[in-house]
Amino acid sequence: MRALHFADASSDYSEAQVVIWGIPFDRTTSYRPGTRFAPNAIREASWNFETYLFDHGVDLRDIKVADEGDMEEFGSVDEMCEAVEAQARKFQKDGKFILTLGGEHSVIPPVVRTYPEKTAVVVIDAHLDFRDEYLGLRNSHACASRRISEHVGKENVTVIGVRSIAKEDLEGADGLHYIDAYTVTEHGIGRVISELKSRYNGRKVYLSIDIDGIDPAFAPGTGTPEPFGLTPLDVKKVINSLGRNIVGADIVEVSPPYDSGNTAALAARLAREIIATRHPSFV
Ligand code: MN
Ligand code: MN
């Protein structure tokens with residue numbers, strides 16, 4: 001019998017267009033740990049859905065997806081970053097579309113470093129994650145967007161859904177583009193998407209989804225819940241609108257110990273929206 005794998009991932013690595021992998025790392029989590037259990041919780045939840053996504057006319061069985069399982073445990077956050085970057089480089093060399101399941105947000109900067117400099121990055125997050133260091137760690141999950149920006153340039157990053165900003169986040173954040181959750185609610189996600197379209201105008205985009213960007217009423221299973229968040233449909237629409245321009249993506253910060261199962265289901269469903277964008281006839 002094959003080990004637990006993501007529902008739509010029935011291809012071998014060699015033939016796969018999309019590679020799913022888990023990085024069950026939560027050592028820098030500031031409030032409550034548990035995201036190390038997320039990859040398998042999301043895999044389990046993924047079996048709940050139909051393979052056909054009627055609104056896109058896409059059957060996920062027509063897309064070749066491999067689930068490469070999880071990275072092993074690491075001694076330190078720096079070791080984790082090094083190993084993750086090396087593995088992501090291998091996926092890139094083999095021409096794979098990388099879909100990463102965290103783990104906490106600290107696992108993503110090393111993935112983004114394997115994309116070209118100046119790649120556009122869209123981050124969904126309740127937090128700005130722009131501290132230069134947190135509790136002595138530069139690779140803390142509280143510094144994720146800062147580390148990503150150092151590689152791609154902060155002028156190429158947009159963070160959507162922010163509603164928690166520390167004063168330290170703002171030191172050095174001049175030129176970082178973010179759209180807070182109140183603005184999204186006030187103007188609607190449609191206007192945000194138009195703004196993204198004119199800003200990125202057909203460019204390739206890496207998409208990082210910190211699940212706490214979505215309101216805890218919909219996504220309670222996370223380490224640092226923040227009220228007044230985005231809706232799941234807001235995030236689906238962002239994925240759909242970026243569509244074929246997405247060059248890699250992740251879903252991080254799902255924490256099963258605080259979940260009823262709905263957060264993992266939502267993460268699995270968002271992962272499927274991302275996979276659907278790989279279909280040649282995706283609209
Ligand atoms: Mn984050
Ligand atoms: Mn966050």
Side-chain angles (χ1 to χ4, degrees), residues 30 102 104-109 111-113 115 117-134 138-201 203-216 218-219 222-239 241-242 245-253 270:
S30 35
E104 52 172 52
H105 217 162
S106 58
V107 308
I108 296 309
V111 176
V112 173
R113 281 196 285 274
Y115 289 81
E117 288 175 27
K118 300 194 191 331
T119 298
V121 178
V122 171
V123 182
I124 306 288
D125 206 323
H127 310 91
L128 205 58
D129 286 354
F130 215 75
R131 284 174 159 98
D132 193 36
E133 61 165 60
Y134 188 62
R138 286 174 54 78
N139 289 321
S140 164
H141 73 150
C143 311
S145 287
R146 179 86 164 224
R147 297 287 92 81
I148 288 169
S149 297
E150 283 169 352
H151 179 66
V152 302
K154 59 189 166 188
E155 66 283 2
N156 294 310
V157 176
T158 297
V159 191
I160 303 171
V162 179
R163 53 204 186 272
S164 170
I165 300 177
K167 276 192 175 159
E168 298 91 320
D169 277 320
L170 293 174
E171 289 164 17
D174 290 353
L176 175 72
H177 184 229
Y178 63 92
I179 305 169
D180 68 63
Y182 309 116
T183 303
V184 177
T185 304
E186 188 76 16
H187 299 304
I189 197 71
R191 193 151 126 189
V192 172
I193 286 167
S194 310
E195 203 178 323
L196 282 181
K197 280 202 168 133
S198 59
R199 194 174 164 81
Y200 294 124
N201 192 25
R203 285 172 64 187
K204 303 289 180 206
V205 176
Y206 180 92
L207 176 64
S208 181
I209 301 175
D210 180 332
I211 203 77
D212 69 28
I214 296 169
D215 194 89
F218 301 108
T222 193
T224 45
E226 277 287 335
F228 313 124
L230 306 181
T231 70
L233 200 55
D234 288 338
V235 177
K236 178 184 188 294
K237 286 177 176 173
V238 170
I239 297 168
S241 71
L242 295 173
N245 289 331
I246 300 175
V247 287
D250 63 74
I251 303 172
V252 296
E253 299 286 353
L270 293 173

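Worth saying up front: this structure is predicted, and the values here are computed from it rather than measured.
- Residues H187 and E195 bring no donor and acceptor atom of their side chains to less than 3.5 Å of each other.
- Contact of the H105 side chain with the H127 side chain is not registered, since no non-hydrogen atoms from C-beta on lie closer than 4.5 Å.
- In this structure, Y115 and V247 have side chains that are in contact, with non-hydrogen atoms separated by less than 4.5 Å.
- Between the side chain of Y200 and the main chain of N156, a donor-acceptor pair closer than 3.5 Å is present.
- For the residue pair P109 and A144, the shortest heavy atom distance occurs at CG-O, 3.6 Å.
- No side-chain donor-acceptor contact under 3.5 Å links D125 to the backbone of G213.
- In this structure, the side chains of I209 and V238 stay at 4.5 Å or more apart for every pair of heavy atoms.
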Evaluate the side-chain contact (heavy atoms from CB on, under 4.5 Å) criterion for residues I214 and L270: first the C-alpha distance (whole Å), next the side-chain angles of each, then the deciding distance (0.1 Å), finally the verdict. CA-CA 12 Å; I214 296 169; L270 293 173; 4.0 Å; yes

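- Taken to the nearest 0.5 Å, the NZ atom of K197 stands 8.5 Å off from the CG atom of L242.
- When atom types are taken as modelled, the side chain of D215 and the backbone of G229 share a donor-acceptor pair closer than 3.5 angstrom.
- Residues L176 and S149 meet the side-chain proximity criterion, which asks for heavy atoms closer than 4.5 Å.
- We find the CD1-CG distance between I165 and L128 to be 5.0 Å, quoted to the nearest 0.5 Å.
- Residues forming a side chain to side chain donor-acceptor pair (under 3.5 Å) with K236 (at least two apart in sequence, or on another chain): D55, N240.
- Tested against Y206 for a side-chain contact (heavy atoms from CB on, under 4.5 Å), the candidates I108, I246, V152 yield a single pass: I108.
- Considering all non-hydrogen atoms of both residues, V111 and V107 come closest at CG2-O, 3.6 Å.
- Taking OG1 from T183 and CD1 from I160, the interatomic distance works out to 11.5 Å, rounded to the nearest 0.5 Å.
- Counting only residues at least two apart or on different chains, the salt bridge (Lys or Arg N to Asp or Glu O under 4.0 Å) pairs with a member in residues 140-157 are D132-R146, D132-R147, R138-E150, R147-E150.
- Distance check: H151 NE2 to R113 CZ gives 8.0 Å after rounding to the nearest 0.5 Å.
- The shortest distance between side-chain heavy atoms of I179 and T158 falls below 4.5 Å.
- Looking at D210 and E253, their side chains come closer than 4.5 Å, going by heavy atoms from C-beta outward.
- When every heavy atom of P225 is checked against every heavy atom of P216, the shortest pair comes out as CB-CB, 4.1 Å.
- Judged by distance alone, with hydrogens and angles left aside, the side-chain atoms of D169 form a donor-acceptor pair with the main-chain N or O of F130 at under 3.5 Å.
- Within 6.0 Å of the CZ atom in R199, the count of heavy atoms belonging to other residues, nucleotides or ligands exceeds 12.
- For Y182, the OH atom counts as densely surrounded, since its 6.0 Å shell holds more than 12 non-hydrogen atoms of other residues, nucleotides or ligands.
- To the nearest 0.5 Å, atoms CG (D212) and CZ (R163) are separated by 6.5 Å.
- With hydrogens and angles disregarded, no donor-acceptor distance shorter than 3.5 Å links the side chain of D234 to the backbone of I189.
- The distance from the CD1 atom of I211 to the OG1 atom of T224 is 12.0 Å, given to the nearest 0.5 Å.
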